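Heads up: the structure comes next, in structure tokens.
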Amino acid sequence: MVDKVYISETGDYEGREVLLEGWLYNKRSSGKLRFLLVRDGTDIIQCVVFKGDVTEQTFEIADKIQQEASCRIIGTVKKDDRSPLGYELQVKEMEIIASSEDYPITKKEHGVDFLMDHRHLWLRSTRQHAILRIRHEIIRAAREFFDRRDFVLIDTPIFTPNAAEGTTNLFETDYFGSPAYLTQSGQLYGEAAAMAFGKIYCFGPTFRAEKSKTRRHLTEFWMIEPEVAFNDLNDNMVLAEEFVTHIVKSVLKNRKRELDKLERDTTLLEKVEPPFPRLHYKKAAEILKNCEEDFTFGDDFGAPHETLIGEKYEKPVMIHHYPAGVKAFYMKRDPEEPEFALAVDMIAPEGYGEIIGGSQREDDHDVLLGRIREHNLPEEAFQWYLDLRKYGSVPHSGFGLGIERTVSWICGLKHVRETIPFPRLMQRIYP
RNA sequence: UCCGGCGUAGCUCAAUUGGCAGAGCGGGUGGCUGUUAACCACUAGGUUGUAGGUUCGAGUCCUACCGCCGGAGCCA
């Protein structure tokens with residue numbers, strides 16, 4: 001009985017006969033030789049079929065097998081320095097499990113739209129493997145970071161009865177005859193959980209119905225949001241920079257191969273280390289003034305502004321104390337300068353823009369109630385949220401990190417659509 | 001919603017001033033004992049996004065529409 005092995009394990013079987021199961025990635029030939037590149041998800045191995053070594057039937061199979069046909073191959077593992085894997089398989093027998101007629105994704109380049117129409121098949125390519133393995137590592141490291149610090153994972157609801165910040169950018173669904181909305185953030189529920197458990201995080205999909213057609217936007221994306229009781233804005237920034245550092249270091253350590261595959265220059269990633277530069281909004285606005293970029297003091301920063309500031313530093317930058325008027329109702333204002341909110345955005349370097357948005361939350365019941373009224377929000381819907389300020393309110397803060405933008409930055413991609421297995425964009429909900 | 005760009009073979013693209021619609025890849029057939037996006041020869045493959053207009057003649061110029069891409073706003 002031959003051992004069935006994964007390609008990633010073949011190094012342990014040098015000189016031995018093994019059984020591989022996989023799909024044909026590519027095929028080349030030369031006279032009486034057939035070179036089959038076979039993948040099984042763990043890696044790719046070149047299988048060499050020599051006409052003199054196999055039956056006529058096996059050689060025929062090796063000759064005719066189509067791209068992405070599934071197959072079973074028995075052969076001997078041989079060390080070979082010409083192989084990227086270090087090993088290849090000298091084939092003895094093979095069989096086709098299922099054929100693959102006219103596989104649409106060929107070896108030549110394709111356009112993005114075509115590839116996105118075939119996203120279910122595109123996932124089989126090596127570049128997508130590298131990106132999605134890095135995504136996995138980022139998520140793994142993010143959870144590890146909070147788990148090690150004894151944060152409790154609290155899953156927040158996806159159906160919500162009302163909008164946190166107005167309904168225009170929310171997806172509405174029919175919830176047994178009443179409108180319900182897909183969540184745009186777990187934060188408010190995270191605050192309730194932080195009052196119960198002290199330090200928590202939530203991790204789940206979020207939905208924005210904004211008609212954004214840019215390389216940074218998805219309508220469905222994943223966000224990881226910690227919330228910590230008794231943390232002020234400064235604690236929040238320390239947590240954020242340590243968190244991002246842990247993620248970057250984990251990827252550099254555990255996914256070197258994938259970064260190489262993507263030809264990512266890791267020079268700047270290797271410099272990610274606390275402390276990150278911190279910029280008061282006023283200071284950031286001053287930088288923009290010197291850049292001749294169109295900007296009015298008091299406005300929020302647009303994407304070009306963020307890029308400009310982000311490119312001035314080698315590490316991620318944290319901009320804090322935004323004008324209260326441009327920020328959400330739940331953000332606490334600085335008692336020293338009440339025109340500014342205790343908010344912080346983290347801007348990734350190399351033009352990747354905002355990856356984190358966070359703040360210290362308003363913890364005073366009456367002030368918060370006033371804000372809800374100022375914003376014309378439905379007061380009754382926020383009773384439970386106001387309760388958190390009625391029963392033992394404490395200073396607290398948190399932030400949300402966008403997974404796809406983080407993957408995009410760390411992988412050095414120019415578009416977020418490749419960072420999620422099945423992206424949902426304004427113009428795309430297939431496949 | 002606004003601004004800009006692009007729609008030609010299954011895919012990626014070319015077609016000079018408006019003058020015979022082409023190449024590579026992929027498919028098919030044949031050849032080669034070490035290929036690395038293998039190579040070589042042959043072969044099939046087209047309502048040039050749609051509708052109208054200008055012209056002797058439109059892939060090319062004009063109008064409208066459709067689709068996609070990028071950017072702005074909004075945000076992670």
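FYI, side chains are in, hydrogens and waters are out, and symmetry mates aren't considered; it's all heavy atoms of this structure. Chain identifiers are assigned alphabetically (A, B, ...) following the order of the sequence lines, protein sequences preceding nucleic acid strands; residue numbering begins at 1 within each chain. Note that this is a predicted model, so its numbers are computed, not measured.
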Task: Earlier contact from the 5' end, RNA chain B, for A/Gln66 and A/Val416 - done: A/Gln66
Task: Along RNA chain B (nearest heavy atom to each residue), the more 5'-positioned of A/Phe50 and A/Ala303 - done: A/Phe50
Task: Close approaches to RNA chain B from residues 419-431 of chain A, in residue order (heavy atom, under 4.0 Å) - done: A/Gln427
Pick base, sugar-phosphate or nothing for [X], based on heavy-atom distances below 4.0 Å to the nucleic acid.
X: A/Ile355; answer: sugar-phosphate
X: A/Ser29; answer: base
X: A/Asp345; answer: nothing
X: A/Phe114; answer: sugar-phosphate

TODO: Could you give the distance separating B/U60 and B/G52 at their P atoms, to the nearest angstrom?
DONE: 14 Å
TODO: Tell me whether the OP1 or OP2 atom of B/G70 has a side-chain N or O from A/His415 closer than 4.0 Å.
DONE: yes
TODO: Report yes if at least one side-chain N or O of A/Arg417 is closer than 4.0 Å to OP1 or OP2 of B/G70; otherwise report no.
DONE: yes
Open item on the list: Check this for me: does any side-chain nitrogen of one of A/Glu241 and A/Arg278 sit under 4.0 Å from a carboxylate oxygen of the other?
Closed with: yes
- [ ] Determine, answering yes or no, if A/Phe35 is stacked on B/G34 under the 5.5 Å centre rule and the 30° plane rule.
- [x] no
Report all interatomic pairs (protein N or O, nucleotide N or O of nucleotides 40-46 of chain B) with separations under 3.5 Å.
none

Rounded to the nearest angstrom, tell me the gap between atom [atom1] in [X] and atom [atom2] in [N].
X: A/Met116; N: B/U12; atom1: CE; atom2: P; answer: 14 Å
X: A/Asp102; N: B/G27; atom1: CG; atom2: P; answer: 8 Å
X: A/Leu33; N: B/G31; atom1: CG; atom2: P; answer: 15 Å

- [ ] Treat a base pair as Watson-Crick or G-U wobble with both distances under 3.5 Å, then lay out RNA chain B in dot-bracket form, 5' to 3', with | for cross-strand pairs.
- [x] (((((((..((((.....[..)))).(((((.......))))).....(((((..]....))))))))))))....
